[in-house]
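All chains are named by letter (A, B, ...) in the order of the sequence lines, taking the proteins before the strands, and each is independently numbered beginning at 1. Values in this document were obtained by computation on a predicted structure and should not be read as measured data.
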Protein chains: 2
Amino acid sequence: MSQLAGPIARQSLHDAVTARLRDMIVEGEYPPGSRLPERVLCETFGISRTPLREALKVLASEGLLELAPNRGARVAGLTADDVDELFPVMGALEALAGELACARITDTELAEIRALHYQMVLHHKRGERPPYFDLNQQIHEKILEAARNPTLTASYTNLSGRIRRARYTANIDAARWAQAVAEHEEMLEALDTRDGGRLAEILKRHLRNKCETVKAALAAGAEEAAKDKMVITDDKIFIPTP
Amino acid sequence: MSQLAGPIARQSLHDAVTARLRDMIVEGEYPPGSRLPERVLCETFGISRTPLREALKVLASEGLLELAPNRGARVAGLTADDVDELFPVMGALEALAGELACARITDTELAEIRALHYQMVLHHKRGERPPYFDLNQQIHEKILEAARNPTLTASYTNLSGRIRRARYTANIDAARWAQAVAEHEEMLEALDTRDGGRLAEILKRHLRNKCETVKAALAAGAEEAAKDKMVITDDKIFIPTP
DNA sequence: GAATTAAAAATTGTATGCAATATGCAATCA
DNA sequence: TGATTGCATATTGCATACAATTTTTAATTC
């Protein structure tokens, strides 16, 4: 049966604007703490206030926005305390993903991860950060996919969206980058042998190390100094080329 | 400074109706699959459609409701597959809570949990199920509190809210009840010695056993046979006295 | 010039209205 | 009798209106 014969997919305005706004926040379009006035957003998106307000409520319940009665929406900040809360939870979730992935991964999926890994390592060797982080993220996403637990994926995605909003000026140093690559090497090995317990431990450690990197950057006041959009990923902090 | 001098707490209609409706769903007021027409809910709560619609959107993003364009809100169902997804995630989160609690718990908190535990055991010896489950839940909540990670608590609470909506006819058998009590004994011991790793393992096992109980009840078609509100808790399935 | 007050403007929360869509029921056809 | 069609009714999505609250600006006082 062709695609033409299936049901016609529909998306409400509310769903569309929720997704759009979420992406914009996660991508750093609005810095932490910034006000999001309804009227401005309605003009930006060309819609009425009703679906926009519904979207704001949903994003607030996801932790991306802060709402207080009569005070409008504000992009939630990210403090070192927030980071200290988020990373252990994400670590636990990613460790579970690792265990489940080892139990459920197909040979094809494993080969895909391996291919991504070696491309990523090549970029590290060449010192190419943007493609490195891209591949790095893909690997983590593939592991979550291989876990085949949508509830887990949703929970993890929601939390990681909050982290990706942070902004920093500093790249991690070469030592930490090399360490991250080594951790990825261990991860691949554990996946290869389908050793779920081991992969879980590696992922937890990996996340702990990332937590320290993020906090160090926060402590350096990097968030306030940053003027450009920056994206955090696992093993490095990417500064887009202007 | 007295309470009178602090800021005046305000709650929007939206927040109030969201919380009310969430509680009603979690408590089983609306069976899985049931339609929640806007007009009916507006009459029930005595409010206009706007804050109600906003609440529906939030509860949908929490997984308690299902929304599709032009089809209104439906209470989300809970299948064996859902249960298979939820419990490992909850297990991972509760294991993390156990680790963090062992690192952070005060002597006072530990004494509180111990007191709750022994009361609970007494109810088990007397075969008193309602108070047993109440205390049981309090113990789990105390452990989460002792973990001092609001993000973790929020994530766990959201997931556990979905499970509490299930309904069943069967009580667990005496063997499983005794097993659950034994697991709680182990939990208290691990807490006492502040052995986070051990507590994490016990909690994971505890959740796995609970998962099997829930699935068995689901498989028995208990959900459809149930006519009265029933609440699942850890170690038994409580049928309220009519 | 700083502090205070009042007024104007902007923003937010909620209610209501209108159009589009879905559902239910009755009539018609094969 | 079952299937199809048409119409009426109900429900949902979104826009708009109104009132309440907050913020900003201007005027006044010390």
Side-chain angles (χ1 to χ4, degrees), chain A residues 4-22 24-25 29-77, chain B residues 4-22 24-25 29-77:
Chain A
L4 289 180
I8 297 182
R10 262 175 277 221
Q11 187 178 43
S12 63
L13 257 193
H14 155 72
D15 285 337
V17 70
T18 304
R20 174 83 75 85
L21 196 44
R22 184 190 291 116
M24 288 167 81
I25 291 167
E29 193 81 38
Y30 303 109
S34 54
R35 302 249 359 265
L36 300 185
E38 292 178 11
R39 187 183 52 81
V40 173
L41 291 179
C42 287
E43 283 168 15
T44 299
F45 299 126
I47 60 171
S48 77
R49 291 173 60 215
T50 308
L52 186 274
R53 289 179 59 80
E54 291 169 7
L56 294 181
K57 300 298 203 285
V58 168
L59 295 177
S61 88
E62 289 179 14
L64 293 180
L65 296 180
E66 284 166 353
L67 300 180
N70 280 93
R71 282 173 169 59
R74 212 173 264 282
V75 176
Chain B
L4 288 181
I8 298 181
R10 262 176 278 221
Q11 188 178 40
S12 63
L13 258 193
H14 155 72
D15 285 336
V17 70
T18 304
R20 176 82 75 85
L21 197 44
R22 183 190 292 118
M24 288 168 82
I25 292 168
E29 194 81 37
Y30 302 109
S34 55
R35 302 253 353 268
L36 301 185
E38 291 179 9
R39 187 182 53 81
V40 172
L41 291 178
C42 286
E43 283 168 15
T44 299
F45 298 125
I47 59 170
S48 77
R49 292 173 60 215
T50 308
L52 187 273
R53 288 179 59 81
E54 290 170 5
L56 294 181
K57 298 299 199 288
V58 168
L59 295 177
S61 88
E62 288 180 13
L64 294 180
L65 297 179
E66 285 165 353
L67 301 179
N70 281 92
R71 281 174 168 58
R74 214 173 262 282
V75 176

Taking side chain as C-beta onward, heavy atoms only, is [X] less than 4.5 Å from [Y]?
X: V58(A); Y: E62(A); answer: yes
X: K57(A); Y: K57(B); answer: no
X: E38(A); Y: L56(A); answer: yes

Measure from [atom1] on [X] to [atom2] on [N] and round the result to the nearest Å.
X: R10(A); N: dT21(C); atom1: CZ; atom2: P; answer: 8 Å
X: L13(A); N: dC14(D); atom1: CG; atom2: C1'; answer: 7 Å
X: D15(B); N: dG13(C); atom1: CG; atom2: P; answer: 9 Å
X: E38(B); N: dT21(C); atom1: CD; atom2: P; answer: 16 Å
X: I47(A); N: dT16(D); atom1: CD1; atom2: P; answer: 12 Å
X: H14(A); N: dA20(C); atom1: NE2; atom2: P; answer: 22 Å
X: E54(A); N: dT12(D); atom1: CD; atom2: P; answer: 13 Å
X: L67(B); N: dC14(D); atom1: CG; atom2: C1'; answer: 15 Å

* Under 4.0 Å between a side-chain N or O of R35(B) and OP1 or OP2 of dT23(C)? -> no
* Less than 3.5 Å between a donor and an acceptor, one on the side chain of R71(A) and one on the base of dG13(C), is that the case here? -> no
* To do: With DNA chain D as reference, determine whether V40(B) or G46(A) sits nearer its 5' end, using the nearest nucleotide of each.
  => V40(B)
* **Upstream residue (5' side of DNA chain D) when P51(A) and P69(A) are each assigned their closest nucleotide** => P51(A)
* Nearest listed nucleotide, side chain of K57(B), among dT16(D), dT11(D), dG13(D) -> dG13(D)
* To do: Name the nucleic acid region contacted by R49(B), choosing base, sugar-phosphate or nothing; use a 4.0 angstrom heavy-atom cut-off, strictly under.
  => base
* Looking for any heavy atom pair under 4.0 Å, which part of the strands does S12(B) touch: base, sugar-phosphate only, or nothing? -> sugar-phosphate
* **Residue pair V75(A) / P31(A): nearest heavy atoms and the distance that separates them** => CB-O, 3.6 Å
* Asked: Take atom CZ in R20(B); do more than 12 heavy atoms of anything else shown fall under 6.0 Å from it?
  -> no
